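The structure presented is a predicted model; accordingly, all values stated were derived computationally and were not measured. All ligand and atom numbering here is 1-based and tracks the order in the structure.
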Amino acid sequence: MKYLHACFLRKRNMIIVRSFTILLLLSCIAFKLACCFSSGISSLKALPLVGHLEFEHVHPASKDFGNRYQLLALAVLHPKSVSDIASVIRHIWMMGPHSQLTVAARGRGHSLQGQAQTRHGIVIHMESLQPQKLQVHGVGGGPTPFVDVSGGELWINILHETLKYGLAPKSWTDYLHLTVGGTLSNAGISGQAFRHGPQISNVHQLEVVTGKGEILNCSERQNSDLFHGVLGGLGQFGIITRARIALEPAPTMVKWMRMLYLDFAAFARDQERLISSDDDKFDYIEGFVIINRTGLLDSWRLSFTPEDPVEASQFKSDGRNLYCLEVAKYFKLDEDGKDVMNQEVKESLSELSYISSTLFSSEVTYQEFLDRVHVSEMKLRSKGQWEVPHPWLNLLVPRSRVNEFAKGVFGNILTDTSNGPVIVYPVNKSKWDNRSSAVTPEEEEIFYLVAILTSAVPGSTGKDGVDQIVKRNQRILEFSEAAGLGLKQYLPHYTTRHEWRSHFGPKWDDFVRRKSRYDPFAMLAPGQRIFEK
Ligand code: FAD
């Protein structure tokens, strides 16, 4: 008995000594990390910069358009030069892999799930990187005009500047108050992509600061691995500080048309016919789904004119789903140009199978057309409905499965879309460069962008509340997965390594290789949650 008691005491003492040693070790590590951290902060503060690091006013960098994720940054860098960005990154790189500091470039913060945020890291406010004036080259009929812009430049500013020379970029997003670095890190898709490809297919050259703080120029010919990696690379391989963007002669005016279909298959068939046509029938092709809306045509009358007002006023949707084809034809503002355009449009429309009484059109300047979403933004802002949660879902659906998707999703899961548009249009995969990091559905020549852009009502627990919309999005993903539709997320959001691997599919190995080459400590864009420092 005495022996057992002694054994028990010895064991207990050993456990106490071991626990004490572990505790001591852990506090040493914590102390060391804290020392590193605070010495890291003070050395960061001592960096000679043209711009500055802001440690107090960091809250605006800790939220985004999605309005659902918030990570509080340690500091915000307002760079005035590329070397400011390189110095900060190089400094953190020199601190080694054990420093907790990460770096997130932030364009306009129009991400949806914290992709441009970092917890206790440095956010780079890219719009502070004011370049010298935007430089437009090839003015006056040069063979390949282009513009050199800062990675933090807004597309709307590029439009304004290039229009002064009668030029404009070829490929856009629907909304232009986004930054060059932000859209090039994803793809940049809109109604021109069927012809020109996404924005990432219209870039000649980039300047990039890697995760080691090197400043590198890259293009098809120079550092091409980095160039292709960064395009659609979700900010993982470097910070885009400059981009050379292809331009084309700009039109002055746009004829903008909308027409309705009751049958999704007919709507999609016409969209595909138009994007596959060689003879430039339209310059912009999109479409959207109208579910459970009454009085829609009346609201269009504010900005569109019905081709046949009497017929249009008699059209009733009777609560059925409608599919709206939206197309645009560019033209120059001279009478001849307009007549030719009108004749061409008439011929092109005659081949389509929309409901004839539902053709609406409008003529606007090119600038008004491209900046159209900003008008909606101003309206929503004035009603306090812009800065609300945006549980958006963007999908790329292979053409061969799009009818099945439409039946399951528009027919059964989305039964009310009053709080935001559902955009649907096809693009040609041949216009995408498969060497870029952007992910598209495998193998098929045509795939559809389906953007379900629902706004939530803050605080609501009903169907318009954020939780219900997130659940509905999840149902759409589960339905697509169960049906094996082979779709990909655009502006992807995943939480596990397994999901990321399957998202990238055959591109995963290259993605991981590039990460270890250009950002070996996984310091950049941690908000994407692909790699962990
Ligand atoms: P941020 O949200 O700030 O950043 C996005 C990601 O890129 C982050 O991971 C960030 O770290 C990284 N990043 C930012 N800048 C750089 C840089 N310079 N270098 C490297 N990485 C960087 N997209 C389309 O394709 N087509 C559309 O039609 C379209 N319409 C939209 C309409 C609205 C109203 C909104 C809010 C978004 C729309 N988007 C569209 C999505 C848009 O492309 C993304 O939100 C994109 O992230 C651009 O936003 P941003 O410039 O604010 O980038």
Is it true that [X] and [Y] have ring centroids separated by less than 6.0 Å?
X	Y	answer
Tyr323	Phe267	yes
Trp256	Tyr284	no
Phe531	Trp500	no
His374	Tyr175	no

For ligand 1, is there an atom lying under 4.0 Å from some heavy atom of [X]?
X	value
Ala187	no
Leu178	yes
Gly238	yes
Gly527	no
Trp172	no

Any N or O of [X] that comes nearer than 3.5 Å to an N or O of ligand 1?
X	result
His110	yes
Phe65	no
Thr183	no
Trp392	no
Ala104	no
Thr173	no
Gly107	yes
Ile240	yes

Check: Would Arg372 count as a cation-pi partner of Phe369, with NZ or CZ less than 6.0 Å from the six-membered ring centre and within 45° of the ring normal?
Finding: yes

Carboxylate-amine/guanidinium proximity below 4.0 Å for [X] and [Y]:
X	Y	result
Arg106	Glu127	no
Arg399	Glu445	no
Glu377	Arg381	yes
Asp519	Arg514	no
Lys429	Glu444	no
Asp225	Arg513	yes

Exam field: side chain [X] to backbone [Y], donor-acceptor pair closer than 3.5 Å:
X	Y	value
Glu207	Leu216	no
Arg244	Gln205	no
Ser201	Lys431	yes

Could you tell me which atoms of ligand 1, counted from 1 in the order shown, lie closer than 4.0 angstrom to a heavy atom of [X]?
X	value
Ser185	7 (O), 13 (N), 20 (C), 21 (N), 22 (C)
Gly188	25 (O)
Gly109	1 (P), 2 (O), 3 (O), 52 (O)
Asp174	27 (C), 28 (O)
Asn186	46 (C), 47 (O)
Gln115	8 (C), 9 (O), 11 (O)
Arg106	3 (O)
Gly235	21 (N)

Considering non-hydrogen atoms of the protein only, which is the closest contact for [atom], and what is the distance?
atom	result
atom 50 (P) of ligand 1	Arg108 N, 3.5 Å
atom 48 (C) of ligand 1	Gly182 C, 3.7 Å
atom 10 (C) of ligand 1	Ala105 O, 3.0 Å
atom 25 (O) of ligand 1	Tyr490 OH, 2.6 Å
atom 51 (O) of ligand 1	Thr179 OG1, 2.7 Å
atom 26 (N) of ligand 1	Ile189 O, 2.7 Å

Under 4.0 Å between heavy atoms, the region of Gln528 that gets near ligand 1 turns out to be side chain

At under 4.0 Å between heavy atoms, what of Ser111 touches ligand 1? The answer is both

### Residues, nucleotides or ligands: over 12 heavy atoms within 6.0 Å of Lys515 NZ
yes

Do Tyr490 and Asn186 have side chains that get closer than 4.5 Å, going by heavy atoms? yes

Atom 41 (C) of ligand 1: of Leu206, Leu449, Ile85, Leu491, the nearest heavy atom sits on Leu491

Heavy-atom proximity to atom 32 (C) of ligand 1, picking from Phe237, Tyr175, Trp386, points to Tyr175

task = Give me the ring orientation class for His52 and His78: parallel if the planes are under 30° apart, tilted from 30 to 60°, perpendicular past 60°.
result = parallel

side-chain contact (heavy atoms from CB on, under 4.5 Å) with Gln222: of Ser219, Ser224, Cys218, only one passes, and it is Ser219

